[in-house]
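Can you read through this structure? Questions will come right after.
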Protein chains: 2
Amino acid sequence: MNSPLDTARASAYDEHRADDDGETTGPMTRAERREAQTARILDAAKKCFVRSGFQGASMHEICKEAEMSPGALYRYFPSKEAIIEAIAEADRRQDADLLAEALANPDIVEGIVQAMMTHMRVSHENNMAPLFTEIRAEALRNPSVLETCECSMSQVHELIFRRIRAAIDAGQIRPAVSVETLMAVMISIGEGIILNDLPAKGVNLAEVEHMVRASVTANLCPVAN
Amino acid sequence: MNSPLDTARASAYDEHRADDDGETTGPMTRAERREAQTARILDAAKKCFVRSGFQGASMHEICKEAEMSPGALYRYFPSKEAIIEAIAEADRRQDADLLAEALANPDIVEGIVQAMMTHMRVSHENNMAPLFTEIRAEALRNPSVLETCECSMSQVHELIFRRIRAAIDAGQIRPAVSVETLMAVMISIGEGIILNDLPAKGVNLAEVEHMVRASVTANLCPVAN
DNA sequence: ACAATGAGTGCGAACGTTCGTTCTCGCTAA
DNA sequence: TTAGCGAGAACGAACGTTCGCACTCATTGT
């Protein structure tokens with residue numbers, strides 16, 4: 001009937017190059033711009049997902065937050081699902097890296113304590129707890145998000161597992177239960193602490209650390225030196 | 001233009017009275033039938049919400065699961081929101097009752113251990129873990145669900161708080177941290193264990209109980225008798 | 001040096017679908 | 001007789017996504 005272009009058009013191709021911070025921005029290459037726009041979308045989507053949930057946030061909402069039209073956004077991600085996957089994967093990878101780093105501590109008890117405490121602190125500072133909650137819920141019914149979680153976590157799982165086995169063989173600790181149970185429960189404890197975002201509730205973090213250390217110590221049963 | 005009823009209609013008013021189990025069902029009063037239908041809807045909705053999430057499940061999906069038309073369903077609940085609230089409230093109330101019962105144990109350490117273990121077992125048996133995950137996520141952005149959670153949990157909170165204070169005053173336990181931190185961390189641990197649905201992962205529950213007891217004991221520091 | 005090119009990018013109306021909800025009417029039970 | 005219940009088509013709104021076109025800019029041929 002009528003052409004899709006019979007209305008006046010705004011002057012197009014507005015630049016969005018980092019006008020948020022005062023950074024002086026030189027010219028951008030194609031690739032740089034593409035990367036920046038992708039990050040812009042992920043940033044906006046994260047905000048929307050935290051605010052409204054994966055299912056509750058609409059593409060229009062994300063577009064508005066990213067100050068971008070749907071047509072533009074779809075140049076970067078083929079679907080809403082793809083954005084969800086990208087965000088879930090980035091979050092899980094960041095978590096995994098964080099845990100791996102903390103667990104590098106040669107003292108296994110301190111490694112686990114630091115992993116939990118650092119994870120908790122970083123999650124709070126970056127406002128990740130709501131996103132983590134959302135990802136957990138989504139993983140229950142979205143196979144690709146589930147796989148992302150299992151994949152990134154299996155590395156950490158494997159890491160802790162070997163560390164514990166080595167410590168047992170070296171006679172440093174003598175847990176009363178199987179390594180499988182030890183890991184399952186300690187991971188559950190860690191996740192519970194992260195999800196509850198204790199720093200946001202004004203809980204004394206030094207005391208939390210004391211409790212975490214007491215729990216880990218009680219379950220790993222380090223032998224007296 | 002045309003009347004909404006110019007097509008053939010199925011013979012209406014099918015009875016749904018408990019044809020699922022073999023129970024012989026006598027005549028039902030208006031009130032009984034109303035209650036049964038309400039329960040039928042909540043049951044179906046719960047299944048759908050577990051399967052698809054609060055936002056992902058559609059009213060049509062719930063209607064199909066309940067074998068009921070939208071028109072019929074809306075006689076019992078004014079909106080989808082109302083169904084979500086009803087389910088969240090029932091779930092939280094059941095949890096609160098369960099915890100209160102377990103905490104009645106005069107031995108405070110055993111009371112807390114039993115609260116966690118029983119809660120975990122019941123959640124698994126009734127397939128509540130996914131629903132709990134969903135409710136937690138929904139509470140992040142749905143004020144009425146949030147209020148439901150806080151209301152039902154504040155009773156349990158108060159209960160534990162008083163029990164711990166009394167035990168401290170009686171010299172039975174000597175925790176190293178404040179009661180507030182003690183509760184926040186122990187509740188986090190409990191929730192982490194529930195959410196992870198350890199029984200579904202084949203974890204040895206006796207060992208889990210051993211670990212939970214070790215953690216609680218280590219943090220409450222019961223004085224030697 | 002510069003016009004021509006064409007892939008890359010943004011816009012935003014519009015698409016078809018599905019959503020939560022309403023409506024009307026026939027049927028049932030009190 | 002009548003108030004309540006159930007069916008299911010239909011509603012407007014909102015959804016995720018697509019479309020056609022305008023515009024930009026790195027590359028290319030001259």
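A, B, ... follow the sequence lines: proteins, then strands. Residue 1 opens every chain.
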(message) If you only use heavy atoms from C-beta on, which nucleotide in dT17(D), dT9(C), dG20(C) is closest to the side chain of S79(A)?
(response) dT17(D)
(message) Heavy atoms from C-beta onward define the side chain here; which of dC11(C), dT24(D), dG20(C) lies closest to that of R30(A)?
(response) dT24(D)
(request) Tell me which residues in residues 43-59 of chain A put a heavy atom below 4.0 Å from DNA chain C, sorted by number, or none. (result) none
(request) State whether E134(B) and R141(A) are salt-bridged, where the test is any N-O pair (Lys NZ or Arg NE/NH1/NH2 against Asp/Glu carboxylate O) under 4.0 Å. (result) yes
(request) Rounded to the nearest angstrom, tell me the gap between atom NE2 in H60(B) and atom C1' in dG20(C). (result) 7 Å
(request) Indicate yes or no: does E67(B) engage K64(B) in a salt bridge with an N to O separation below 4.0 Å. (result) no
(request) Sorted by first residue and then second, give each ring pair (Phe, Tyr, Trp, His ring centres under 6.0 Å) pair with at least one member in residues 69-95 of chain B; sequence neighbours left out. (result) none
(message) With a 4.0 Å cutoff (strictly under), does any side-chain N or O of R34(A) reach OP1 or OP2 of dT9(C)?
(response) yes
(message) Output the rounded distance in Å from CE (M68(A)) to P (dC11(C)).
(response) 7 Å
(message) Just the rounded figure in Å: distance from P of dC19(C) to NZ of K80(A).
(response) 13 Å
(request) With sequence neighbours excluded, tell me which residues meet side-chain hydrogen bond (donor to acceptor under 3.5 Å, both in side chains) with S52(B). (result) E61(B)
(request) Select base, sugar-phosphate, or nothing to describe what Y76(A) touches, counting heavy atoms under 4.0 Å on all strands. (result) sugar-phosphate
(request) Let me know the distance between CD of E61(B) and P of dT18(C), rounded to the nearest Å. (result) 13 Å
(message) Counting distance alone, no hydrogens or angles: does the base of dG4(D) have a donor or acceptor under 3.5 Å from a partner atom on the side chain of R75(B)?
(response) no
(request) Round to the nearest Å and state the distance from L73(B) atom CG to dC19(C) atom P. (result) 15 Å
(message) I need the CD-P distance between E32(A) and dC25(D), as an integer number of Å.
(response) 14 Å
(message) If only side-chain N and O atoms count, and only distance matters, is there a donor-acceptor pair under 3.5 Å linking E85(B) with T148(B)?
(response) no
(request) Could you tell me whether the phosphate oxygens of dG8(C), OP1 or OP2, come under 4.0 Å of any side-chain nitrogen or oxygen in Q37(A)? (result) no
(request) Kindly say whether L195(A) contributes a backbone atom to a donor-acceptor pair with the side chain of R136(B) at under 3.5 angstrom? (result) yes
(message) At less than 4.0 Å, is any side-chain N or O atom of S69(A) found next to OP1 or OP2 of dG12(C)? Yes or no.
(response) no
(message) Heavy atoms from C-beta onward define the side chain here; which of dT18(D), dA9(D), dA26(D) lies closest to that of Y74(A)?
(response) dT18(D)
(message) Can you tell me which nucleotide in dA9(D), dA7(D), dG12(C) comes closest to the side chain of P70(A)?
(response) dG12(C)
(request) May I ask you to verify if any side-chain N or O of R33(B) is less than 4.0 angstrom from the OP1 or OP2 atom of dG6(D)? (result) yes
(request) Test R33(A) against every option in Q37(A), R30(A), E35(A) by the side chain to side chain contact (heavy atoms under 4.5 Å, CB included) rule and name the one that passes. (result) Q37(A)
(request) Quickly work out the E67(B) CD to dG6(D) P distance and round it to whole Å. (result) 13 Å
